[in-house]
Amino acid sequence: MAIRSDEIGEILRKRIASFEAPVVDANEGVITSVGDGIVRIYGLEKAMAGELLDFPAPDGGQPIVGLALDLREDGVGAAIMGPYEHLQEGDTVRTTGRVAQVPVGEELVGRIVNAVGQELDGKGPIETSETLPVERVAPGVIYRQRVDTPLQTGIKAIDAMIPIGRGQRELIIGDRQTGKTAVALDTIINQKGTGVICIYVAVGQRSATVAQVAATLQQYGAMEHTIIVAATAADPAAMQFLAPFAGCAMGEHFMNNGRHALIVYDDLSKHAQAYRQLSLLLRRPPSREAYPGDVFYLHSRLLERAARMADSEGGGTLTALPVIETQANDVSAYIPTNVISITDGQIYLESDLFNAGIRPAINVGISVSRVGGDAQTKAMKQVAGQLRLDMAQYRALAAFSQFASDLDRATRQQLERGLRMTELLKQPQYEPIPFAKQVIAIFAGTRGYLDDVPIDRVSEFERSLLRWIDQNHPELEKDIEEQKRITDETDKALRAAIEEFKKGFAG
């Protein structure tokens with residue numbers, strides 16, 4: 001027997017008339033669905049974007065909080081920051097009136113914390129008097145000043161050719177296993193004694209890797225000025241999404257107090273993937289490569305918070321070193337191009353160079369610092385002014401010379417100099433070099449003192465020269481350190497010292 005359409009309409013009208021919706025308080029709601037760390041809640045009309053929500057705790061467990069991410073007419077979508085298996089439909093959820101905040105201050109230095117500022121290192125609770133919201137509007141143009149003070153990384157190739165300034169955002173990009181984290185860790189180690197507080201944000205990494213980073217920093221005495229914010233691969237996507245913003249808030253505290261901070265986001269590729277996971281589970285429309293349409297805004301609002309504040313605002317700085325992992329050296333993929341367009345330059349690490357033993361494996365041709373010479377001391381500019389161009393030309397020439405049988409003398413000379421400079425710019429991991437020593441080593445290379453040194457002895461020559469100058473002419477290093485430039489007298493004395501050393505080295 002067929003059911004007529006008017007009968008269906010009548011049944012629906014009766015059902016709707018007899019339906020009784022529970023009266024829900026504006027600050028209280030009920031769970032309508034839960035799964036994959038995402039909860040849908042009916043009610044909560046007064047919930048704010050980014051507000052923390054209170055969820056029922058598991059039996060005898062800690063209270064569970066969630067983050068309101070999706071505000072709709074018919075309810076709220078929230079991400080759970082913790083276990084969610086015990087939550088059920090019909091459970092009560094309450095607003096807290098607080099947007100997501102993290103503890104900030106000196107007490108965090110030397111500690112390992114999660115994305116909400118809770119300790120992970122077993123050294124006891126962290127007692128701080130201040131908190132800051134994780135999401136803050138970046139300082140406006142009026143409150144900033146131009147970047148012109150160098151942030152020394154201790155890596156010759158970077159300080160000489162791709163200088164980083166305090167308040168800059170310099171991207172470290174490359175395939176996996178090309179030394180991206182090594183560059184960031186060397187920079188953190190080199191900040192020892194400079195007063196720069198470092199924040200290392202680990203997103204989506206293995207817990208073992210984070211523990212290894214902490215052990216390395218401890219070994220080289222860098223943990224004393226470092227905060228590690230860890231959201232590992234085992235943590236919920238909401239924690240991975242929140243971690244870079246939490247680390248940024250911790251760094252902003254120091255910047256706002258007129259101090260200097262450096263933050264490393266390792267890495268933003270996994271951060272984007274965590275945000276994609278949240279967005280798809282919240283049923284937001286996918287865009288290119290299934291990322292949500294606002295993934296560009298996700299990273300721009302994070303990276304814009306790095307700044308050099310005007311003197312009237314305290315003159316503090318927050319320098320950002322975001323890390324992006326590429327697939328098969330493809331820098332034209334969605335997330336890499338997004339972050340390249342936001343940052344003030346990029347250090348591109350190439351797997352071919354890494355495998356050839358050139359470490360750090362920096363591709364000089366497409367690496368750039370858009371702050372450039374502004375963030376370089378005069379001494380480094382004097383010795384390395386043409387170095388980046390020369391090295392890029394050498395790489396192009398080396399590729400071309402493979403197919404040429406007969407090369408003129410000038411070309412051969414350029415190739416020989418390039419080979420030696422490549423050797424000179426190699427540097428072992430966790431051995432950052434002080435600024436004055438870098439200047440002396442690069443001076444020897446660019447002024448031609450290495451041209452007759454066998455290629456396999458360049459590293460030995462450099463080490464021996466720096467040690468010899470330390471012992472016999474310590475005033476040269478001191479003069480470069482204090483003057484920040486090479487005077488005519490220093491130039492003459494340096495040339496004489498290198499020539500004197502070479503007589504003994506050759507013998």
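Side chains included, hydrogens not; waters and symmetry mates left out as well; all remaining heavy atoms used.
With sequence neighbours left out, the salt bridge (charged side-chain N to carboxylate O under 4.0 Å, His left out) criterion links Glu431 to no other residue. When the salt bridge (charged side-chain N to carboxylate O under 4.0 Å, His left out) test is applied to Arg359, no partner is found at least two apart in sequence or on another chain. With sequence neighbours left out, Arg146 forms a side chain to side chain donor-acceptor pair (under 3.5 Å) with Asp374. With sequence neighbours left out, Arg276 forms a salt bridge (charged side-chain N to carboxylate O under 4.0 Å, His left out) with no residue at all. Every residue two or more places apart in sequence or in another chain was checked for a salt bridge (charged side-chain N to carboxylate O under 4.0 Å, His left out) with Asp390, and none qualifies. Residues passing the side chain to side chain donor-acceptor pair (under 3.5 Å) test with Asp74, sequence neighbours excluded: none. Here Asn256 pairs with nothing under the side chain to side chain donor-acceptor pair (under 3.5 Å) rule; sequence neighbours left out. With sequence neighbours left out, Gln145 forms a side chain to side chain donor-acceptor pair (under 3.5 Å) with Asp311.
Minimum heavy-atom separation, Ile38 to Leu282: CG2-CD2, 3.8 Å.
One N or O on the side chain of Asn190 and one on the backbone of Gln152 form a donor-acceptor pair closer than 3.5 Å. Without hydrogens or angle criteria, Gln429 side chain to Ala182 main chain gives no donor-acceptor distance under 3.5 Å. The backbone N or O of Pro292 lies less than 3.5 Å from no partner atom in the side chain of Ser287, so there is not a single donor-acceptor pair. Thr446 contributes a side-chain N or O that, together with a main-chain N or O of Val383, makes up a donor-acceptor pair within less than 3.5 Å. A distance-only check finds a donor-acceptor pair linking the side chain of Ser269 to the backbone of Glu325 [under 3.5 Å].
By the 4.5 Å heavy-atom criterion applied to side chains, Leu321 and Ile164 are counted as neighbours. The shortest distance between side-chain heavy atoms of Ser369 and Glu170 falls below 4.5 Å. Within the 4.5 Å cutoff, the side chain of Thr343 has heavy atoms near those of the Pro322 side chain. Taking the side chain as every heavy atom from C-beta outward, Gln88 and Asp91 approach each other to under 4.5 Å. Val339 places a side-chain heavy atom less than 4.5 Å from the side chain of Leu303. With contacts defined as side-chain heavy-atom distances shorter than 4.5 Å, the pair Ile335/Glu289 does not qualify. Looking only at side-chain heavy atoms (C-beta outward), Met239 and Val116 come within less than 4.5 Å of each other. Counting only heavy atoms from C-beta outward, the side chains of Leu171 and Pro336 never approach each other to under 4.5 Å.
A ring-centre distance under 6.0 Å is not found for Phe55 and His86.
Around atom CZ of Arg370, more than 12 heavy atoms belonging to other residues, nucleotides or ligands sit under 6.0 Å away. Heavy atoms from other residues, nucleotides or ligands lying under 6.0 Å from NZ of Lys484 number more than 12. Heavy-atom neighbours of Asp36 CG from other residues, nucleotides or ligands within 6.0 Å: at or below the threshold of 12.
Arg284 CZ to Ser279 OG: the interatomic distance, rounded to the nearest 0.5 Å, is 5.0 Å. The distance from the CD atom of Glu313 to the CD1 atom of Ile142 is 10.5 Å, given to the nearest 0.5 Å. One finds the OG1 atom of Thr317 at 6.0 Å from the CZ atom of Arg166 (value rounded to the nearest 0.5 Å). Between Ile227 atom CD1 and Ile199 atom CD1 the span is 5.0 Å, to the nearest 0.5 Å.
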Let's go through Asp148 and Arg308 carefully: what are the C-alpha distance in whole Å and the side-chain angles of both, what is the deciding distance for salt bridge (Lys or Arg N to Asp or Glu O under 4.0 Å) to 0.1 Å, and is it a yes or a no? CA-CA 9 Å; Asp148 62 7; Arg308 182 184 178 206; 2.6 Å; yes
For a side chain to side chain contact (heavy atoms under 4.5 Å, CB included) check, start with the C-alpha distance between Leu52 and Leu67, then their side-chain angles and the critical distance, and finish with the verdict. CA-CA 5 Å; Leu52 293 175; Leu67 195 63; 4.1 Å; yes
Between Met223 and His225, is the side chain to side chain contact (heavy atoms under 4.5 Å, CB included) condition met? List the steps. CA-CA 5 Å; Met223 206 60 209; His225 61 261; over 6 Å; no
Please assess Asp159 against Thr153 for the test side chain to side chain donor-acceptor pair (under 3.5 Å), listing each intermediate value before the final yes or no. CA-CA 6 Å; Asp159 291 342; Thr153 65; 2.9 Å; yes
Start with the C-alpha gap between Asp267 and Lys180, add the side-chain angles, then the distance that decides, and say whether side chain to side chain contact (heavy atoms under 4.5 Å, CB included) holds. CA-CA 10 Å; Asp267 64 58; Lys180 300 185 297 299; 5.6 Å; no
Side chain to side chain contact (heavy atoms under 4.5 Å, CB included) between Leu151 and Gln191: does it pass, once the steps are laid out? CA-CA 8 Å; Leu151 179 114; Gln191 303 316 306; 4.0 Å; yes
Given ring-ring contact (aromatic ring centres under 6.0 Å, His included), test Phe245 with His271 step by step and report yes or no. CA-CA 11 Å; Phe245 293 98; His271 182 232; 5.8 Å; yes
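Looking at Arg283 and Asp70, no side-chain N of the basic residue comes within less than 4.0 Å of a carboxylate O on the acidic one, giving no salt bridge. A salt bridge links Glu304 to Arg169: one of the charged nitrogens lies within less than 4.0 Å of a carboxylate oxygen. Ion pair Glu106/Arg259 flagged as a salt bridge, since at least one NZ, NE, NH1 or NH2 atom sits closer than 4.0 Å to an Asp/Glu carboxylate oxygen.
Among residues at least two apart or in separate chains, side chain to side chain donor-acceptor pair (under 3.5 Å) pairs with a member in residues 111-121 are Arg111-Asp121, Asn114-Gln118. Applying the ring-ring contact (aromatic ring centres under 6.0 Å, His included) definition to pairs two or more places apart or across chains, those involving residues 328-348 are Tyr291-Tyr334. Evaluation of the ring-ring contact (aromatic ring centres under 6.0 Å, His included) test over residues 116-167, restricted to residues two or more places apart or in two chains, returns none. Listed by first and then second residue, the ring-ring contact (aromatic ring centres under 6.0 Å, His included) pairs involving residues 162-220 are Tyr220-Tyr430 (not counting sequence neighbours).
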